[in-house]
Novice: 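Dropping a structure here in structure tokens format, bear with me for questions.
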2 protein chains.
Amino acid sequence: MGDMQFKSSVETTLKVVGGKWKPVILCHLTEGIKRFSELKRDMPDITQKMLTQQLRELEDDGIIDRKVYTQVPPKVEYSLTEYGATIKEVLDVMSVWGLKHQQKIQSSAPR
Amino acid sequence: MGDMQFKSSVETTLKVVGGKWKPVILCHLTEGIKRFSELKRDMPDITQKMLTQQLRELEDDGIIDRKVYTQVPPKVEYSLTEYGATIKEVLDVMSVWGLKHQQKIQSSAPR
DNA sequence: CCGTATCCGATAAGATACTG
DNA sequence: CAGTATCTTATCGGATACGG
């Protein structure tokens with residue numbers, strides 16, 4: 001773990017799943033294919049701009065797939081790519097540790 | 001994975017190991033006890049201010065231990081706590097995925 | 001419906017100087 | 001040696017308006 005490669009590969013992962021919204025988006029997409037409007041409904045606090053931006057970045061990283069139906073009104077579906085699904089185990093490990101940490105904080109900072 | 005708890009626990013983990021410097025600091029501390037100046041030498045690009053700040057946050061989160069030797073010149077040693085060592089497996093998983101992702105990017109974006 | 005474009009505030013991070 | 005204090009800059013995220 002003490003090497004240089006380690007540092008930059010962790011940073012790479014943080015770029016892909018870090019930030020305020022990407023974990024949440026990925027979380028929802030693990031439930032299956034979602035339309036843009038569905039994702040927006042699932043995350044009432046995200047702005048359209050941020051949702052679009054984060055989805056584009058995930059798409060560029062090959063994590064999600066974007067399927068556009070050329071029709072009026074437009075319809076766009078997002079889903080995890082096969083490759084993107086591999087990020088789930090990373091998120092799972094992060095979730096498990098974070099949950100334990102939350103509980104630790106709870107028990108050590110009462111009052 | 002589709003629940004609310006998941007979202008916030010991933011965010012908790014990102015708070016603790018996220019950001020530009022914390023993974024790097026933790027990486028170096030897995031090698032053993034380090035003095036402030038050693039850490040600074042290991043990370044030439046970090047400023048003293050950032051190093052101090054990040055170390056304080058890690059200490060507040062119970063990840064690292066700070067031992068001050070009251071002497072002149074001062075000596076302060078940092079080390080992972082037993083609890084802090086549990087973050088290693090999270091970083092490892094992130095590192096493995098990030099490394100694969102780097103290789104994927106390499107092979108799919110030549111030119 | 002699914003975006004893009006602009007502008008703006010908040011926060012993260014860096015440069016530099018100074019101190020017990 | 002191991003920090004603080006202050007100031008500046010860069011990046012992230014949000015609000016709002018508009019467009020195909």
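All values below were derived from every heavy atom in this structure, side-chain atoms included, with hydrogens, water molecules and symmetry-related copies excluded. The chains referred to below are lettered A, B, ... by the order of the sequence lines, with proteins before strands, and numbering in each begins at 1.
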Novice: How long is the line joining CE of Met50(A) and P of dT4(C), in whole Å?
Specialist: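 So the two atoms are 13 Å apart, to the nearest Å.
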Novice: Given side chain to side chain contact (heavy atoms under 4.5 Å, CB included), test Leu51(A) with Ile25(A) step by step and report yes or no.
Specialist: CA-CA 8 Å; Leu51(A) 183 52; Ile25(A) 292 171; 3.9 Å; yes
Novice: Using whole Å, what does the distance between atom C1' of nucleotide dC12(D) and atom CG of Leu14(A) come to?
Specialist: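 Nearest whole value for this atom pair: 15 Å.
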Novice: Using the side-chain heavy atoms of Thr52(A), tell me which of these nucleotides is nearest: dC1(D), dG13(D), dT4(C).
Specialist: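 Side chain of Thr52(A) sits closest to dT4(C).
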Novice: Assign Lys20(B) to base, sugar-phosphate, or nothing according to its heavy-atom contacts below 4.0 angstrom with the strands shown.
Specialist: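 Contact class for Lys20(B): sugar-phosphate only.
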Novice: To the nearest Å, how far apart are Glu59(A) CD and dC2(C) P?
Specialist: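 Interatomic distance, CD of Glu59(A) to P of dC2(C): 15 Å.
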Novice: Could you check Asp45(B) against Val68(A) and say which one's nearest nucleotide on DNA chain C is further toward the 5' end?
Specialist: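 The residue mapped nearer the 5' terminus is Val68(A).
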Novice: In whole angstrom, give the distance that lies between atom CD of Gln54(B) and atom C1' of dG3(D).
Specialist: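 The answer, rounded to whole Å, is 15 Å.
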Novice: Apply ring pair (Phe, Tyr, Trp, His ring centres under 6.0 Å) to Tyr69(B) and list each qualifying residue two or more places apart in sequence or on a separate chain.
Specialist: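 None.
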Novice: Look at Lys49(A) and dC7(C) and indicate whether a side-chain polar atom (N or O) is within less than 4.0 Å of OP1 or OP2.
Specialist: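 Lys49(A) to dC7(C) OP1/OP2: no side-chain N or O under 4.0 Å.
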Novice: Grab the CG-P distance between Leu55(A) and dG13(D) for me, whole Å please.
Specialist: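 To the nearest whole Å, that distance equals 14 Å.
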Novice: Think Tyr78(B) has a side-chain N or O under 4.0 angstrom from the OP1 or OP2 of dG3(D)?
Specialist: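 Yes, because at least one side-chain N or O of Tyr78(B) sits under 4.0 Å from OP1 or OP2 of dG3(D).
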Novice: How close or far is atom C1' of dG13(D) from atom CD1 of Ile25(A), stated in whole angstroms?
Specialist: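 Value for this atom pair: 13 Å.
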Novice: Quick one: is Arg56(B) getting a side-chain N or O under 4.0 Å of the dA2(D) phosphate, OP1 or OP2?
Specialist: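 Checking dA2(D) against Arg56(B), no side-chain N or O comes under 4.0 Å of OP1 or OP2.
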Novice: Excluding sequence neighbours, so at least two apart, what forms side chain to side chain donor-acceptor pair (under 3.5 Å) with Trp21(B)?
Specialist: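 Counting only residues at least two positions away or on another chain, Trp21(B) forms no side chain to side chain donor-acceptor pair (under 3.5 Å).
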Novice: Please state how far atom CD in Glu57(A) lies from atom C1' in dG13(D), giving the value in whole angstrom units.
Specialist: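 That distance rounds to 12 Å.
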Novice: What's the CD-C1' distance between Gln53(A) and dC7(C), to the nearest Å?
Specialist: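 Checked: the CD to C1' distance equals 14 Å.
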Novice: Can we say Lys75(B) and Glu77(B) salt-bridge, meaning some charged N sits less than 4.0 Å from an Asp/Glu carboxylate O?
Specialist: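 Counted as a salt bridge, because a side-chain N and a carboxylate O are separated by less than 4.0 Å.
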Novice: Under 4.0 Å: is that the gap between some side-chain N or O of Thr47(A) and OP1 or OP2 of dT16(D)?
Specialist: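 Result: no.
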Novice: Where is the tightest heavy-atom contact between Glu38(B) and Ile33(B), given as atom of each residue plus distance?
Specialist: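 Of all heavy-atom pairs spanning Glu38(B) and Ile33(B), the closest is OE1-O, 4.3 Å.
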Novice: Under 4.0 Å between a side-chain N/O of Arg66(A) and OP1 or OP2 of dG3(C), yes or no?
Specialist: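 Affirmative; the distance criterion is met.
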Novice: Just N and O in the side chain of Arg35(A): are any of them under 4.0 Å from OP1 or OP2 of dC1(C)?
Specialist: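 Checking Arg35(A) against dC1(C): no side-chain N or O falls below 4.0 Å of OP1 or OP2.
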